[in-house]
Amino acid sequence: MKSYDNVFVMDHPLIQHKLTFLRSVDTGTKEFRELVSEIATLMCYEATRDLPLMDVETVTPMQKTTTKVIAGRKLAFVPILRAGLGMVDGMLNLVPSAKVGHIGLYRDHDTLKPVEYYNKLPQDITERDVIVLDPMLATGGSAMDAITLVKRSHPKSIKFLCIIAAPEGLEVLTKTHPDVQIYCAAVDEKLNENGYILPGLGDAGDRIFGTL
Ligand code: PRP
Ligand code: URA
């Protein structure tokens, strides 16, 4: 795999183990949805590693002491509809105070270009660090457009979190948005002629919502 300064592949054994079952054609909708959520939680843990801390005074049953809390950073999660929705609960498990915006995009099956149909972001997004969510980064068109839309609202920062990335998508996204940190669980081999990731896991939205 080509290396990029702003691409982080999360090779934690728990993530890799769950990803194997996520990929399997034998995994049904219920289990698939649960795995997407669990992987999102594990990835959220890593992607928030750089949140700044500040000291606070705490009184334990034994004595007064100085401990750490997150230094007032506010987060917003922005799933790309539909498949990104599958990652939201897993992220909120760790950061329940985060606000959730939504961007609706689907890939036109002929052109593979993303078509926008919904855009609703938190009003106070300028005060927030945004994590854009989508399990799949294929040609990169959807992530590229979603991040461009989010940037128009001027958040403090943007990260992109996906489960499987294609090399083609990483190339496009790192070129278009070099300021965005990209987190993924795997970088796969390539795209097929229909823009699907190989070996991939098939159509993430259809597998999450049972619309196969
Ligand atoms: C899938 C996936 C991404 C997009 C990735 O969504 O969830 O959003 O394709 O492909 P790209 O990198 O080539 O743009 P899809 O368009 O199938 O819509 P859905 O989530 O509603 O199923
Ligand atoms: N979108 C998906 O859901 N899967 C792919 O392999 C490519 C795009």
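Just so we're clear, the structure is a prediction, and the values are computed from it rather than from any experiment. Read the numbers this way: they start at 1 and go in the same order the structure lists the ligands and their atoms.
Contact between Pro114 and ligand 1 is absent, with no heavy atom of the residue lying under 4.0 Å from the ligand. Not a single heavy atom of Leu112 sits closer than 4.0 Å to an atom of ligand 1.
What sits closest to atom 6 (O) of ligand 1 on the protein, heavy atoms only, is Arg107 CG, 4.9 Å. Summary of contacts: the protein heavy atom closest to atom 8 (C) of ligand 2 is Arg107 NH2, 3.5 Å. Remark: minimum distance from atom 21 (O) of ligand 1 to any protein heavy atom is reached at Arg82 NE, 3.0 Å.
For ligand 1, the atoms sitting less than 4.0 Å from at least one non-hydrogen atom of Gly140 are 11 (P), 12 (O), 13 (O), numbered in the order shown with element in parentheses. Residue contact check: Gly202 has heavy atoms under 4.0 Å from atoms 2 (C), 3 (O), 4 (N), 5 (C), 6 (O) of ligand 2. Residue Gly205 approaches ligand 1 through these ligand atoms, each under 4.0 Å from one of its heavy atoms: 22 (O). Counting atoms of ligand 2 from 1 in the listed order, those under 4.0 Å from a heavy atom of Ala138 are 7 (C), 8 (C).
Within 4.0 Å of atom 4 (C) of ligand 1, at least one protein heavy atom is present.
Relative to the six-membered ring of Tyr196, Arg107 meets both conditions, a distance below 6.0 Å and an angle of at most 45° to the axis.
With a 4.0 Å cut-off on non-hydrogen atoms, Ala204 touches ligand 2 through its backbone as well as its side chain.
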